[in-house]
Amino acid sequence: MHNSLSCAACGKSHEIDRLQNLCTDCGKPLLVGYDLEQLKPTFTPEVIWSRRTRSMWRFLEVMPVADESEVVSLGEGQTPLLRCRPDGAFDGFTHLWVKDESFNPTGSFKARGMSAAVTRARALGATSVALPSAGNAAGAATYYAAAAGLDCVLFMPDDTPPSNIIESAVGGARVHLVNGLIGDCGKLVGAGRERFGWFDLSTLKEPFRIEGKKTMGYELAFDLAEASSDGTLQLPDVIFYPTGGGTGLIGMWKAFDEMEQLGWIGPARPRMVVVQAEHCAPVVRAFEAGAESAELFENARTVASGLRVPAAIGDFLMLRVLSESHGTAVSVSDDALLEGVREMAGGQGLFLCPEAGAVWAAAKQLRESGWLGAEERIVLFNTGSGLKYNHLSPPGDLPQLDHTDPDCLEVL
């Protein structure tokens, strides 16, 4: 495997063939590099089109594996890009799509990152993995670790959605509920890592989850090629991404750069939009201040558990993406994001997670302000299934009918 590993901040090179987490000099995330010039003659879009692999691993050459036999896969990736009808609340959006990551194993985009991270962890000798999670990452880690034959240790805030706790416990993970936020859970992982020999799979604290997430960027180019008249790889004009740890945002930006170096696309890039909850918006606040990093967001709270990340180690990378893409950052209220879930469900037949309800609310906000044009091609990311958040949207009082009463339909 002719790949490299270097720090995203200071550039220091690190060994790629051993288990490690952050840069040993500055403590920032490590990123994988590939010899794209060597790959260029043989790794082409035509090769991808010809493959029948039903997972993100059809992009194997730009993934962190020495041999295909190492791959731990449950069929993640190749999720649908669904076009929205431009009527009702969606009037004014001529070219609006939803990339629906709820089709992944364990029901969220986290499957992509965990497939890559667990693949590499097992190949490098890990026997147990640990991470903090406020939701979908826990389930994904549980099931990919199970598929790989690894032990999985989880630390989760005690108000994590019940479905995430249940799926992790059922899958055999050692689940520990913590009376705090995800940062508090992360401190416990750090404290136990050396003591118990766990490998830390925390967001951007290992180099390979981002490699799985970046495949969303590769797929978008192929999705839009299929939707176009000439079949050429292309990117949307704007991407809305619900942002907690931000691995997917950073990963897609990395994918776009790799595709350009491979000669698959040109230099044009989408404007990237970070979407956060108003009571947990560290990146939005930093962006508005023109800062290069984000400060801890005190007293963070939101019903969208995936957005409740008051401090992200990749903050400087997210802000760099926003600057380079001429994008922006938007926060929305919990009421607005839950209304976004209801509008997408009733208007488009898509039961989004609350985090994706936030990106729809943000898109409406930017369309009304004029930041978005009517003809722009816009992709919203639904990062997980709304079915995991049923506790947030009780249906209220529903009519009960007595089928033995011949007049029971009169109440309708």
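The side-chain hydrogen bond (donor to acceptor under 3.5 Å, both in side chains) test with Glu219 is passed by exactly one of Arg58, Lys214, Arg112, Gln78: Arg112. Looking at Lys205, Arg193, Arg209, Lys187 one by one, the single match for salt bridge (Lys or Arg N to Asp or Glu O under 4.0 Å) with Asp200 turns out to be Arg193. Checked options Glu258, Glu61, Glu211; the residue passing with Tyr34 is Glu211 (criterion: side-chain hydrogen bond (donor to acceptor under 3.5 Å, both in side chains)).
Among all heavy-atom pairs drawn from Ala141 and Leu131, the shortest one is CB-CD2, 3.5 Å. Nearest approach of Lys28 to Ala9, heavy atoms of both residues: CG-CB, 3.6 Å. The minimum heavy-atom distance between Val98 and Cys84, with the atom names listed, is CG2-SG, 3.8 Å.
Not less than 6.0 angstrom separates the ring centroid of Phe240 from the ring centroid of Trp97. Note: Phe155 and Trp198 meet the aromatic proximity criterion, with ring centroids under 6.0 Å apart. Annotation: Trp360 is in aromatic contact with Phe93 [ring centroid separation under 6.0 Å].
Taking the six-membered ring where the residue is Trp, Phe43 and Trp264 present tilted rings, their angle falling between 30° and 60°. Ring geometry for Trp49 versus Phe222: interplanar angle over 60°, hence perpendicular rather than tilted (30 to 60°).
Using a cutoff of 4.0 Å between basic side-chain nitrogens and carboxylate oxygens, Asp91 and Arg367 are not scored as salt-bridged. Between Asp159 and Arg308, at least one side-chain N (NZ, or NE/NH1/NH2) sits under 4.0 Å from a carboxylate O, which counts as a salt bridge.
Under a cutoff of 6.0 Å and an axis angle of 45°, Arg269 and Phe256 do not form a cation-pi pair.
Judged by distance alone, the side chain of Thr215 and the main-chain N or O of Tyr218 form no donor-acceptor pair under 3.5 Å. Using modelled atom types, one side-chain atom of Ser50 and one backbone atom of Val47 make a donor-acceptor pair closer than 3.5 Å. A donor-acceptor pair is defined here as one N or O able to donate and one able to accept, closer than 3.5 Å; no such pair exists between the side chain of Ser115 and the backbone of Ala111. Ser108 places no side-chain N or O within donor-acceptor distance of the main-chain N or O of Gly384, the cut-off being under 3.5 Å.
Crowding of Gln261 atom CD: a count of heavy atoms from other residues, nucleotides or ligands under 6.0 Å exceeding 12. Open room surrounds CG on Asn299; 12 or fewer heavy atoms of other groups in view lie less than 6.0 Å from it. The neighbour count for Glu292 CD, taken as heavy atoms of other residues, nucleotides or ligands under 6.0 Å away, does not exceed 12. Other residues, nucleotides and ligands contribute only 12 or fewer heavy atoms inside 6.0 Å of the CZ atom of Arg301. Sparse packing is recorded around CG of Asp397, with 12 or fewer heavy atoms of other residues, nucleotides or ligands lying under 6.0 Å away. More than 12 heavy atoms of other shown residues, nucleotides or ligands fall within 6.0 angstrom of atom NZ in Lys12. Counting heavy atoms of neighbouring residues, nucleotides and ligands inside a 6.0 Å radius, atom CZ of Arg195 does not exceed 12 of them. When the shell of 6.0 Å around CZ of Arg51 is examined, it contains more than 12 heavy atoms from other residues, nucleotides or ligands.
A donor-acceptor pair shorter than 3.5 Å can be found between the side chains of Trp57 and Glu76.
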As a quick check of understanding, evaluate side-chain hydrogen bond (donor to acceptor under 3.5 Å, both in side chains) for Asn164 and Asn136, giving each step before the final call.
CA-CA 6 Å; Asn164 298 125; Asn136 285 316; 3.2 Å; yes
Check step by step if side-chain hydrogen bond (donor to acceptor under 3.5 Å, both in side chains) holds for Lys99 and Asn382.
CA-CA 6 Å; Lys99 181 70 167 166; Asn382 177 37; over 6 Å; no
